[in-house]
Structure formats: C-alpha cells, structure tokens
Amino acid sequence: MSKRNILLAVVLILSVLLASCQAPPAEPQVVEVTRVVEVEGETVIEYVEVEEEAKIYDGQSINFLTIQPHTVSSKALASWFEEETGARVNVLVVPYGNVTEKAVLDVAAGSGEYDVIDYWYPMLGTMVENGVLLDISDWWDENYDELGFDDFLPTYEDLFTEIDGKRYGIPYDGDLHVLYYNKTILAEYGFEPPTTWDEYLEICQTITEAGAADGVYGCGIMGAKVPLILIGSFLNRLGGYGGAFFDETGYPTVNSPEAVLALEALITQSEYALPEPPAVAFDELLGGWLTGNVAMAEFWTDLGQMTDNPEQSTIPGEWGVVAMPQGTGDNANKVAPINAGFGMGVSNLAQNQEVALAFLEFASRPDIVVKANTLVGGLDPTRTSTLDDPAYRDHVSPELADAIKEAHNFAVGWPTNANWAELQEVLNENLSLALIGDKTAQEALDDTQAQWLTILGLE
Amino acid sequence: MSEQTLPNPMPQGNVVSRIMYSRYTRLILILVFAASVLLPIVFMATTSIKQPIEIRESGAILPTRGIFTENWGRAFANVPLVRYLFNSTVVAVTSTLLALLIAVPATYSIVRFRTGGMVLPSLILGTYVMPPIVVSIPIFMMTRIAGLTDTLFGLILLHGMANLPVAVWLIDSYIRSLPVELEQAAWVDGYGRFETLLKVVIPLIRPGIVSAGMICMILSWNEFLFALILTYSDVSHTFPIGISRYEGEHGLQFGEMAAAALTGIIPIYLIVLFFQRYLVEGLTQGGVRG
Amino acid sequence: MAQLELRNVSKTFGDEHAVQDLSFTCKEGEFFCLLGPSGAGKSTTINLITGIDSPTGGDILLDGESIVDWSPQDRNFATAFENYALYPHFTVFKNMEFPLKAPVRAAEYSDKDRRDRVVQVAEMLRIDELLERLPRELSGGQRQRVALGRTLVRNPSIYLLDEPIAHLDAKLRHRMRGELKKIQMELGITTIYSTPDQLEALSMADTILVLNQGKVEQIGTREEIYRTPKNLFVAQFVGDPPMNIVPVQYQDGELNGAISIRLSQDDNKQRAAAVENGKLLVGFRPKDISFVSAESASSNAIGEVKVVESYGRTADVAIELDAETIVKCKITADKAPQVGEQVGCQIDQANLSFFDAETIQRIQ
Amino acid sequence: MRAFFEKRAPFVMVFPTLIVLLIIAVVPLIYVLRLSFTESTLSAPFKAFIGFDNFARAFSDETFGRSLVNTLFFAFTVTLLETLIGFVMALAFQSEKRLGGVVRTLALLPLFTPPVAIAMIWRLIYDPNSGLINHYLNNWGILETAVGFLGNPQLAMPAIMLADIWQWTPFTFLLCLAALQALPKSAYEAANVDGASNWQIFRRLTLPLVSPAVIVIFLFRFLIALKVFDLVFILTYGGPGSVTNVASFYIYRVGFTQFNTGYAAALSILVLLLISVVTTFMTVGRDLILKRLN
C-alpha cells in the first residue's frame with residue numbers, strides 16, 4: 001500500500017518534470033537600452049549595451065487562431081514576424097472542423113481570446129454575421145497600393161475577403177481542385193486525360209471494369225458526408241454542367257436542370273469509382289491514389305508534391321494534372337472550383353488591434369507569401385506573383401504552377417453568404433442521401449431547393 | 001449420494017451447461033476475447049511503425065516495408081504530447097477526487113436520510129442523462145464569466161461536476177447495501193454523522209468508491225467536447241485534443257497519431273497495472289448490487 | 001448511572017404507529033426488560049432512547065432532564081445491537097476501542113488507558129485471545145461478546161441491549177444470560193434489555209415491560225408479570241407453556257364450563273362476582289394442575305391425554321377437555337400419564353386469574 | 001458551531017451537490033429553455049420571442065426524426081449486446097484465478113483509449129481499399145471486391161456499433177464480474193451440497209440473484225450510449241445519407257456549425273424529454289422485472 005503510493009508519487013513527479021521540460025514559452029527578448037550611470041558627480045561612466053536594435057512591437061503579443069493543417073506555416077509566420085517586429089504571436093491550434101465554432105463562441109462570450117483568425121472562406125458571411133471579424137475596409141484601402149493587393153489572385157481577392165462591399169481579411173491559403181491522373185494507368189489503357197465528364201466516365205468505367213479485380217479503379221470520388229468534401233465533389237460537376245447555387249439575383253438554383261445532370265453524373269460515376277464513395281474522404285482517396293490504384297482523382301493542388309514524396313507514395317513522377325472536365329449541354333463550362341481556401345482576419349474583440357493588423361500586413365507581403373508557400377505542408381499561393389516566382393515554381397514543379405495559373409482563369413467559389421452554414425448542411429445531407437440511393441438526384445435537389453427557400457425566407 | 005457431494009458435480013444432462021462450464025470453452029472464450037481486444041491495439045502499434053505509404057497501401061497487420069520509427073519522433077516533435085498527457089492526468093485525477101469528495105457525502109445523505117426526497121435523485125439522474133452538447137453553450141458562458149476558460153482548474157471543476165452524477169449513481173448501491181446498524185452503533189459510540197461517514201461508512205464502501213473513481217477517471221480522460229470548447233492553448237489542452245492534432249492539410253498522419261495514442265495508453269496502462277489489485281478489488285468485491 | 005424516564009413517547013413511520021404513548025421509568029441500577037413479540041416496538045423504543053430515532057411525540061428524561069434534542073453521541077449510552085453491528089473493517093481490539101476514541105471522550109483516555117481498558121474487558125469476557133482478529137473470523141458467540149465488550153469498555157449512564165443474545169444457540173444463550181446478569185449486577189449500571197423471550201426476561205429482569213403493537217400491556221416486577229398478568233395478552237405471552245385460559249360461567253361460588261370449580265376462597269369469589277353477567281375467563285398456570293383419577297371427586301375436569309412432551313425431569317401434557325378446550329399442564333416426568341388415558345385434573349385455587357370475557361382485562 | 005452542522009448534517013452533506021446541480025443542470029437548462037422559445041444565434045441569443053416555432057419546426061424536421069430513431073436503435077442494440085457479451089464473459093471468468101486476472105487487465109485497455117484514437121484505428125480497419133478487414137478477406141479469397149463499411153448504408157451503423165462494442169463491452173464485463181463476485185457464497189455451497197447441476201445452479205440461483213445488478217448495468221450503459229457522439233463525428237459525420245445521424249450529433253451540427261442555437265435548444269429539450277420518457281419506462285420496467293424475480 002505505502003510502497004504503491006510512493007511509486008505513484010514517483011510516476012506523478014516524473015510526469016510533472018517531463019511536462020516542465022516541454023518547450024517553456026519563449027520569453028520576449030529583453031533588449032538593453034542605453035543607460036547612463038553617474039558616479040560620484042565627476043566621473044561619468046557611459047556605456048551602451050545594445051545588442052539588438054529595439055523593435056517596434058517589443059513586449060507585445062497577439063493570439064493567432066489557426067487550424068491544425070496550417071500549424072507549420074502559421075508557426076513559421078509567427079516566428080518570422082517576431083524576428084522582425086519583436087511582437088510575440090501565440091499560435092493557437094484547433095482541428096479545422098472546429099475553427100468556426102471556436103471563433104464564434106469566443107466573440108459570443110465576449111472573451112476576446114483571439115486577435116487574428118484563420119477562417120475557412122465559405123464561413124466568411126457567418127463569421128461577419130456573428131460579429132467575429134473586424135471591418136478592415138479602411139486599412140485595406142490605405143494599404144492597397146503599397147502592399148500590392150492588386151497582386152492577389154483576382155478569384156480570391158474578393159471571394160475570401162468581402163461581404164456586402166466591406167473587407168474583413170486577406171487571402172491566406174488558396175486552393176482549388178484540379179484533376180490528377182495516373183500517367184501509367186491511362187497509358188496502359190490508351191487513354192488521354194479527359195476533357196469532359198462523359199470522357200471521364202468512359203475512362204473510369206473501362207479501367208474499373210478491367211482492373212477492379214486487381215484493386216485498380218478508373219477514378220476516385222470523395223463522397224464522405226462532410227460539406228467540404230461532398231459539396232466540393234458536387235461543385236466540380238455542377239460548374240462543369242453550367243449550373244450554379246444561385247443566379248445573379250441571389251435566388252437559389254440548386255435544382256436547375258444542370259444541377260440535376262451534375263448530380264446524376266456524380267452518382268453514375270460513383271458506381272465505378274474507388275469503393276465506396278460515401279465513405280471516401282481525403283485519406284481513403286489518398287490511399288487509392290498514392291498507391292497507384294486510382295487512375296483519376298479530383299484533388300487540391302498540393303497532391304502533386306505529396307505524390308512525388310517517396311515516403312508517402314509509390315508513384316512519384318507518374319502523375320499528370322489537367323483542369324476539371326467540362327459537362328455537356330448548352331451551358332457546359334470549364335471550371336476550377338475553389339473547394340477550400342482560407343482568409344486571415346482580425347477579431348472584433350482583438351486586444352491588440354494594431355499588432356494584429358501589422359501581422360496581417362506582414363502575412364500578405366509578397367516576399368513572405370513566397371516564403372510561406374514554399375514550406376512543406378504549408379500554404380498555397382494567394383498572389384499572382386507567387387505563381388511566377390522561381391522559388392515557388394521550383395518548389396511545386398513548373399507544370400503544376402502553370403496548371404494552377406491556368407485554372408484561375410475559370411475558378412468558381414463557394415457561396416459566402418451569412419446563411420451558407422445552414423444551407424450547406426441541407427445540401428450536404430441531401431447529396432449524401434442521393435449518393436446512397438435514398439433519393440433520386442431530382443428529389444434530393446428539389447428538397448434542397450425547397451429548404452433553402454425556407455431558410456432564405458424566399459417562399 | 002457420494003457422487004452428489006463432490007465439490008464440482010458433473011454437469012447433468014444439459015448440453016448448454018456442458019458447453020458453458022467446460023474449461024475448453026473458457027479457454028476459447030479467453031482467446032477470442034483477448035484477440036478481439038488486442039487486435040485494434042496491436043494494429044495501432046504496428047501502424048505506428050509503418051511508413052505513411054504503407055498505411056495507405058495495405059491493411060496487413062505487420063509492416064512489410066520495414067520498420068519506420070520516425071512516426072514516434074514526429075509525433076512528439078509536432079505536438080507537445082507530454083504536456084497534454086500531464087494535463088490530462090492532472091485533470092482526470094483531480095476532477096475524480098473532486099467528484100468523489102462531493103458525491104460520497106451527498107449519496108450518503110440521500111440514501112440514509114432521504115434528503116431531497118424523490119426530487120433530488122431524479123434530478124441527479126436527469127443531469128446525467130442530459131447530452132453534454134445541450135448545455136455546452138451556457139456552460140461555456142459561465143466558465144467565461146468565472147474567468148476559467150483555458151485553465152486546468154476550469155476543466156477540473158467542470159469534469160468534476162459533470163461526473164458527480166455518475167459517482168452518485170455508482171456509490172448509491174454500495175451505501176444501500178451497508179447495514180444501517182453500523183452507523184447507528186457509531187453514533188451511540190459517540191461519533192457525529194460526519195465522523196461516522198468518515199470512520200465507518202467510507203472505509204466500508206471503499207470498493208465502491210474505487211470503482212466509481214475509476215469510471216469517473218475514464219470518462220474524464222476520454223472527454224473531448226468540453227476540453228475542446230473550454231481550452232485554447234497548450235496550457236490546458238488535454239490528450240484527446242492532442243490526438244486530434246495529427247491532421248495534415250488533407251488527411252491524417254495515421255502513423256504519428258497511432259504513436260501518440262499509444263503514448264497515451266502506455267502510462268495509464270502502467271498505472272492501472274500497478275493498481276491492479278486495488279482496482280480489481282474495487283470493481284469485483286463490492287460490485288454493483290441492484 | 002442514571003434514571004431514565006419516558007413520558008407519553010410516540011413514534012410513527014408514515015401511517016404506522018411503531019410506538020404509542022409509551023411511559024415508564026427505569027430506576028437507577030435497575031435491570032429493565034422490554035419484552036414483546038417481534039414487531040412490538042422494542043427496537044424502536046431502544047432507538048428512541050439512544051437517539052438514533054427521534055420521537056414524534058412525548059418526552060425522554062435522563063435524571064429529570066429532557067434529552068429529546070440531544071444527539072446520540074451526546075447521550076453517553078452504550079448499545080449492543082441485535083446483529084452485533086461490529087465494524088467489519090476493524091479488528092476486535094479496534095472495535096472495542098472505537099467508542100473510547102470518539103471525539104466526545106477522546107480527551108479522557110490516553111492510548112495506554114484505552115489499551116488497558118479494552119484488555120481488561122476482553123479478559124472479563126474471555127475474548128482476550130481474539131483481539132487481533134477481524135469480526136468475520138469469529139463465531140457467533142464470540143461476536144456477541146465483542147459487541148457486549150464494546151458497550152462495556154465505556155462508562156455509560158445506561159446500557160441498552162437490543163436482543164443481544166437472540167442469535168446464539170440455546171446452550172450458549174443460557175450461559176450468556178447468567179453472565180450478563182452477573183456483569184450487570186457487578187457494575188450496577190442501569191440496563192435496558194429487549195427480548196422476545198419471556199424466559200430471558202423472567203430470569204434476568206428486575207422490572208419487565210410487556211410491549212405489544214407499540215403499546216404497553218403491563219409493567220411490573222417479574223413476579224407481578226408472572227403471577228398477576230394484567231390482561232390476556234400478558235397471560236398468554238409469559239410462561240412456557242402459557243397460562244391456560246378457559247371460558248366459564250360464574251354462579252353462586254361455582255365456575256362452570258369445560259372445567260368446574262367450586263371456589264373455596266373468598267378472595268376468588270369476590271373477584272369472580274365482579275363481572276355482572278358472570279361470563280369469565282379463568283386462567284391458571286400449567287404447573288397448577290395436578291392429576292387425580294378420572295373418578296375422583298376432587299377433579300375439576302376430565303379429559304383425554306393427547307400429547308406428552310417430556311423434557312427429562314419435567315413433562316408437558318396436553319389434555320383435551322372437550323372439542324374446543326385443551327389445557328396444558330407441567331408435571332414431573334415420572335408422574336406423566338399415558339397418551340389416550342382419561343385423567344382427572346385438579347386445579348390449585350391459590351393462583352387463579354380471572355379475566356373479563358369482554359374486555360379481556362384482569363379482574364383484580 | 002459543531003452542533004449547528006451536526007444538526008443539519010443531511011443538508012450540509014448534499015449542499016455542495018445542490019450547488020453543482022445548479023451550475024451544471026438548472027442554470028443551463030433554464031438558459032436552454034429560454035433559447036428554445038426564441039430566434040437565436042450563437043453570438044446573438046434571444047433575438048426575438050417566437051413561441052413554439054422552433055418546436056413546430058422540429059416536428060416537421062425529417063432529419064431530426066431519423067436521428068432520434070437512430071439514437072434509440074443504436075443505444076438499445078449496443079447496450080443489449082454489450083451487456084449480454086459482458087455477462088457471458090463474466091460468467092465464464094468469475095471463477096478463473098490467473099486467467100481471469102489477465103482478462104480483466106486486458107479489458108481495461110479499450111476503456112482508456114480516447115475515442116478519437118479508437119475512431120482513427122477503426123477507420124483504418126474499415127477502409128475499403130487498404131483496411132485490415134478488406135485486406136485479409138481479399139487475401140483469403142472470401143471477398144472479390146472491397147466492401148466500404150462506413151460508406152454502405154446497410155453496414156455503416158453496424159460498423160459504428162462494432163467499434164462501440166469493442167470499447168464498452170469491457171465496461172459491462174467488469175461490472176457484471178463485480179456483480180457476480182458479490183453474490184453470497186453460502187448459497188452456492190448449499191446448492192453444491194444439494195447436488196444441483198451447474199446449469200441448475202445458474203438458472204435457479206445465479207440468474208435470479210444477479211439479475212437486479214445486471215439490469216442496473218444495462219440501464220447505466222444505456223444512458224451513456226444515448227449520448228454517443230465522438231464515434232459518429234469522426235467515423236461517418238452522420239452519413240452516408242442519414243444512416244448514422246444521431247441526436248447529439250445533429251444538435252451539434254445545428255448549434256455549432258450552423259449556429260442556430262435557438263433551434264438547437266428546442267431540439268435539445270425534445271431529446272431530453274424523449275430520454276426522460278424512455279428512462280422512466282425502463283426504470284418502471286426494471287422495477288416490474290425485479291418484482292417478478294422476487
């Protein structure tokens with residue numbers, strides 16, 4: 001009994017010790033300033049012990065709420081910023097699925113725990129509606145020329161930052177979907193990469209029918225019931241068939257004939273895709289793709305790098321990339337859906353607005369963006385100049401850089417209105433139901449339309 | 001007659017009984033049980049030493065591309081795991097003590113003196129039934145007002161309070177099973193109600209307290225929702241939050257996550273082994289008595 | 001040492017009256033016995049006295065001072081419980097030492113005092129060998145003595161013993177009775193003792209209170225309880241076999257019924273005449289019956305011997321007088337008749353009890 | 001002072017609990033109740049009083065209805081299976097000395113593994129293409145093509161249940177073991193002397209004696225199971241379709257991803273009512289069963 005207690009105490013003490021060894025928070029740098037000391041009236045000893053120049057924000061600190069996948073780049077930005085300005089940036093990390101709720105809860109409770117917030121852009125309207133983000137329109141206008149905001153990729157510039165004519169942040173991490181293909185597999189079957197969804201289906205069906213027994217599939221489709229994933233896959237087709245979530249007046253058109261065609265295409269393709277699309281999220285698709293068992297995959301632009309990493313992949317160098325296929329019909333379109341993407345804004349309750357804005361300014365500087373975009377597992381370009389920057393082109397391969405550049409000519413974004421959080425849940429639910437055959441494409445989209453109208457008060 | 005007085009009479013006639021009570025059946029059961037408990041854990045262990053590509057490539061249990069230990073290093077490099085484990089341990093242990101400290105006298109009072117009549121016990125049960133998500137918003141607000149967000153203390157208080165109904169529920173039957181005369185004897189022997197609780201009741205329901213404590217600890221150790229909502233930084237993040245932090249930009253770092261998860265299980269498991277006698281005694285001697 | 005008085009004490013649990021309007025005084029140094037069948041309210045009464053329960057009405061006084069509001073630990077009574085209530089997690093020594101370590105009297109004893117006291121009591125109860133054992137390692141008799149020991153280590157003002165020896169086997173019970181009485185007399189401490197066993201009460205008590213369904217049936221010395229039961233309940237509860245009760249009609253100095261007695265004593269005649277319609281129950285102890293031949297003129301009743309239960313020196317004989325009346329008599333074994341034999345019964349008129357057939361109260 | 005507390009001991013003992021209940025149950029419930037009658041978002045609670053509108057909406061909300069059915073189905077099934085398996089295991093090991101110790105120690109493993117990690121490992125096990133199950137089933141030639149457990153409408157719920165059973169059966173096992181070992185030994189000794197067979201002992205003695213405890217275990221586990229959240233959140237996000245959408249998770253989505261706290265509050269109240277009704281029924285059922293057994 002007593003022996004046991006002693007042992008337990010030892011275990012506890014050890015864990016305390018271990019815990020205290022763990023990265024003590026870096027103290028803000030203490031910088032000596034000039035001091036004059038007078039001794040005995042006559043003798044004046046004057047000494048200057050300035051090792052570093054005083055920095056503008058010495059001793060100040062801000063909190064930066066970021067998502068887990070951005071940990072590396074956000075921490076890098078933080079340390080560069082501290083080096084330059086002396087301000088300490090505490091990077092507070094949450095799983096990406098929880099970032100909006102954390103930010104909104106913080107403001108709702110009046111905590112003001114965060115100064116700078118990394119947000120998923122489709123939630124911009126929701127964040128603004130809930131008073132999370134500071135209106136930085138004036139700052140934006142003032143710095144527009146000096147910081148070269150016109151260099152931001154036009155597709156991101158407004159989409160990630162603007163609601164009702166006001167600015168709430170800067171583009172932080174851009175990303176859109178392109179179609180990757182496995183050169184080896186396509187060559188084996190004598191296919192060229194598809195330009196239309198019909199070709200895509202044909203390729204997918206042919207390869208799967210021949211290769212499924214060996215575990216090789218023509219395509220992989222992410223159909224897991226997570227808005228980011230499932231709606232992304234839908235949007236890839238919706239745009240291609242010429243559909244959109246809303247018309248110019250903001251009226252929902254989610255059950256337009258194009259949309260139905262798009263969803264039907266998704267459902268048909270799913271039959272031949274890597275099993276089993278409703279369970280396929282990032283990891284499942286990557287599992288098929290990186291092991292050379294999937295011929296075509298819609299994914300974000302960072303997949304190329306991942307595929308070239310032999311630790312992660314069995315098919316380095318065997319990939320190619322093209323823009324998203326087009327649909328058929330009168331309104332068929334070429335699109336590159338912006339299926340993820342993050343902005344960086346300042347909290348309405350920021351304790352230190354000045355430094356927060358300075359951090360925004362810092363993070364949007366062209367040189368810093370290039371630096372951040374060339375980190376492994378970091379961010380994707382938000383500036384046109386980055387795509388032309390040799391360092392970046394070298395980092396991701398010139399081919400991919402050009403493909404991204406090309407894709408931006410017809411990029412389409414997600415809605416960012418205040419109701420989107422609710423709307424996307426409805427859509428997500430119905431898409432998933434259609435995918436497993438509980439509803440037809442038409443029913444699912446009609447139901448979505450009806451519920452959207454209710455939510456938007458447009459009945 | 002002589003046959004019948006054997007200590008373990010042969011099962012008579014019934015096939016079911018013969019199967020149920022055969023030693024071989026038991027052995028098979030043990031093997032099946034051990035295998036099914038261990039399989040995911042072993043799979044987790046081998047995953048932690050597989051190359052990322054191998055995890056995506058094959059579902060074989062053993063690594064086929066050689067042992068890849070870097071997951072372990074990376075698991076610790078990328079997330080302050082030890083800190084989180086420390087936080088979790090502090091929160092689980094302290095909140096459990098808190099829950100027991102409040103629950104034991106309360107349960108005693110409710111069982112023996114019928115304090116609160118029918119209302120209090122049902123209120124406690126109701127609190128326990130309530131899905132935590134229901135109350136998360138007001139709880140967050142209150143924590144904020146109390147200035148306890150992002151502190152271990154806040155989390156300790158919350159876990160302690162949230163597990164209180166569990167503790168009451170589990171301790172209840174143990175107190176009920178105590179003969180009331182023991183307490184009356186203590187009163188007459190010159191002890192007050194508090195002293196009686198301390199000197200007579202608590203030592204006698206120790207098994208119940210241990211098992212209730214252990215269940216509270218498990219619940220606190222695994223709790224995710226409040227730990228996520230109420231904490232911001234490494235100062236107060238707990239282990240389950242840490243586990244959720246092996247999320248790459250697109251996809252999980254399974255190998256590192258597995259290494260992290262095992263790191264969390266190992267110390268706890270050692271402690272459990274260490275207190276095995278205590279815990280097993282606690283869980284098996286007193287037991288749940290209707 | 002103290003005198004305890006209960007005044008109109010009542011206790012109800014919900015709708016149930018556990019004790020009703022209970023009043024008695026237990027004098028200093030007295031061995032006071034609560035006698036009654038199970039469910040009579042004995043344990044409740046003891047619990048009210050110790051303070052484990054509080055009465056719903058009435059007052060309890062210790063040496064004239066009301067103690068109703070005192071908590072149990074302040075009353076300084078010592079109790080031995082029916083099921084011993086030994087603390088299972090303590091050794092015998094710790095069990096016995098426990099009352100001495102109580103906060104209310106911890107200051108009175110040094111460690112050594114406590115040890116000495118426990119050992120002394122343990123020796124007296126012959127359990128000094130068992131001090132390091134746990135209660136579960138003891139036999140029933142040993143446990144009982146430990147429970148007793150726990151009450152004896154203290155100097156309480158009153159001992160309350162709630163059926164302390166009920167669960168012992170007959171032989172041990174017999175021996176313990178003697179020991180208990182001896183100890184009580186030596187210490188001279190006021191003792192309240194509850195038992196369902198009339199023999200126990202008769203053999204030990206100075207005063208007996210017969211309790212039935214929460215109410216007092218009779219309070220008195222053991223002689224009074226035995227000889228002059230106040231009502232039919234006491235008459236039939238006390239004594240083994242109990243008092244024979246036979247319904248008779250009184251007329252002109254004669255009792256007629258299943259038995260016929262010509263009353264010879266004036267005292268008896270007077271009492272018998274006190275009931276107007278002459279409907280009486282006559283009671284007589286089994287030992288007051290003697291056998292005569294069936295034809296004898298001195299016989300008061302004639303019947304057939306149905307059962308003979310022999311206890312060695314004595315025997316109980318059941319005699320059927322008529323279809324509704326069986327009387328039992330206790331005689332020395334060698335005088336026992338044969339089963340089936342017709343015998344005449346002669347009843348000793350010196351100890352007759354008369355009860356009103358309507359009110360079943362004793363006629364004085 | 002001492003006397004003051006002593007006299008009020010019962011109340012003093014529950015006092016801290018009352019405070020705790022006030023903080024974690026009463027105040028939040030009042031807040032939630034108020035929310036449920038208003039149009040509210042997370043950052044702007046109590047915007048406007050709208051009476052029973054939220055509740056009316058809930059009654060026509062198909063997804064919510066399905067989530068309730070899913071929750072009850074899930075909770076009841078896993079609880080039943082876990083209690084059954086746990087009980088059988090406990091029966092088998094109650095008299096095992098050394099092996100029993102091993103099993104008990106093993107049983108603690110799943111309990112101390114955080115659900116996040118458990119979900120991760122089950123995702124790897126279920127993965128249609130590189131998962132453990134598919135790997136071996138394919139290798140052994142039992143299956144031709146991959147089965148997507150979590151994406152298949154028929155298999156997704158059972159798959160989540162299996163993960164849950166893996167985690168919680170040890171819990172019921174340990175509690176059942178506790179209950180069995182608390183049974184009085186004397187009854188068994190008597191039965192052995194009487195020459196009863198093992199089966200008879202089980203039917204006539206063990207089962208009636210241990211039933212009350214097993215019912216308590218069942219209820220306790222049922223209450224925990226009703227709150228299932230983590231596994232669904234990580235494994236399926238309620239999909240595919242609405243197959244694994246459970247109440248807690250749906251409320252989370254309404255409240256925490258759509259920030260429609262008013263509606264989430266109304267849903268919470270309804271769930272709470274439903275659970276109370278179910279619990280009451282089960283408690284009554286328990287009492288009836290116990291009465292019959294006695």
Side-chain angles (χ1 to χ4, degrees), chain B residues 4 9 11-12 14 16-17 21 26 29-30 33-34 37 40-41 43-44 56-60 102 105-106 108-109 113 115-116 123 127-131 133-135 137-139 161-162 164 192-194 218 222 224 239-240 243-244 254 257 261 265 268 272 276 280 283-284 287-290, chain D residues 6 9-10 13-14 16-17 20-21 23-25 27-28 31-32 89 92 99 103-106 108-117 120-121 124 130-132 134-135 174-175 177-179 181-182 192-193 195 197-199 212-213 216-217 223 227 230 248 251-252 261 268 271-272 275 279:
Chain B
Q4 285 180 346
Q12 290 158 7
N14 195 308
V16 185
S17 88
Y21 287 92
R26 252 182 269 182
L29 264 178
I30 287 179
F33 181 81
V37 165
I41 304 275
F43 192 49
M44 191 187 281
R56 303 204 187 280
E57 185 181 46
S58 146
I102 302 178
Y108 179 63
S109 177
F113 309 124
T115 318
L123 188 62
T127 308
Y128 183 58
V129 167
M130 198 152 40
I133 204 87
V134 172
V135 292
I137 294 168
I139 293 273
M161 294 195 292
L164 174 73
R193 292 176 199 239
F194 294 103
I218 291 172
N222 291 338
F224 185 79
F239 182 61
I243 295 287
S244 71
F254 281 111
M257 202 172 179
I265 302 176
I268 276 294
V272 168
Q276 227 250 356
V280 167
L283 280 170
T284 57
V288 174
R289 312 166 210 226
Chain D
E6 187 61 35
M13 285 175 186
V14 291
T17 301
V20 168
L21 290 180
I23 295 173
I24 62 162
V27 171
Y31 184 92
V32 171
M89 294 293 303
L99 282 177
V103 171
R104 281 193 297 264
T105 314
L106 278 179
L108 292 167
L109 267 174
L111 288 174
F112 273 110
T113 314
V116 187
M120 184 271 293
I121 206 71
L124 283 182
S130 60
L132 180 92
N134 276 300
H135 176 84
L174 289 175
L175 290 182
L177 200 62
Q181 303 204 335
N192 253 340
V193 172
S197 76
N198 279 330
W199 178 249
V216 169
I217 294 166
L223 295 182
K227 300 198 266 187
D230 300 353
S248 287
I251 294 173
Y252 167 80
T261 48
S268 305
V271 167
L272 209 54
I275 291 180
T279 321

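Side chains are part of it too, since the values below use all heavy atoms of this structure and drop only hydrogens, waters and symmetry mates. All of these numbers come straight from a predicted model, not from anything done at the bench. We name chains A, B, ... by the order of the sequence lines, and we start the count at 1 in each one.
Ranking D:Leu272, D:Asp230, D:Leu124 against chain B, the residue ahead of the rest is D:Leu124, based on heavy-atom pairs under 4.5 Å. In terms of heavy-atom pairs under 4.5 angstrom with chain B, the leader among D:Val32, D:Asn134, D:Thr113 is D:Thr113. Of the listed residues (D:Ile251, D:Thr261, D:Leu21), the one with the most heavy-atom contacts under 4.5 Å to chain B is D:Leu21. Between chain D and the options B:Ile218, B:Ile243, B:Ile41, the largest number of non-hydrogen pairs under 4.5 Å is found for B:Ile218.
Between B:Pro40 and the choices D:Ile121, D:Leu132, D:Leu109, the side-chain contact (heavy atoms from CB on, under 4.5 Å) rule is met once, by D:Ile121.
Distance alone, capped at 3.5 Å, places no donor-acceptor pair between the D:Ser130 side chain and the B:Glu57 backbone. When atom types are taken as modelled, the side chain of B:Thr115 and the backbone of B:Ser109 share a donor-acceptor pair closer than 3.5 angstrom.
Heavy atoms closer than 4.5 Å to chain D are found in the side chain of B:Leu164, but not in its backbone. Heavy-atom distances place both the backbone and the side chain of B:Ser244 under 4.5 Å from chain D. Residue contact with chain D, scored on non-hydrogen atoms closer than 4.5 Å, involves the side chain of B:Phe239 exclusively. Of the atoms belonging to B:Tyr108, it is side-chain heavy atoms, and not backbone ones, that fall under 4.5 Å from chain D. Looking at D:Met89, only its side chain comes within 4.5 Å of chain B, counting heavy atoms on both sides. For a residue to count as touching a neighbouring chain, one of its non-hydrogen atoms must lie under 4.5 Å from one of that chain's; by this rule B:Ala60 touches chain D with backbone and side chain alike. Only the side chain of B:Ile139 comes within contact range of chain D, with at least one heavy atom under 4.5 Å from a heavy atom of that chain.
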(message) Using side chain to side chain contact (heavy atoms under 4.5 Å, CB included), reason through B:Thr127 and D:Val20 one step at a time and then give a plain yes or no.
(response) CA-CA 10 Å; B:Thr127 308; D:Val20 168; over 6 Å; no
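Among all heavy-atom pairs drawn from B:Ile102 and D:Pro16, the shortest one is CG2-CB, 3.6 Å.
Applying the ring pair (Phe, Tyr, Trp, His ring centres under 6.0 Å) criterion to D:Tyr31, with sequence neighbours excluded, gives D:Phe46.
A 4.5 Å side-chain heavy-atom check between B:Pro240 and B:Asn222 finds every atom pair outside the cut-off. B:Met257 is listed as a side-chain neighbour of D:Val116, based on a closest heavy-atom distance under 4.5 Å.
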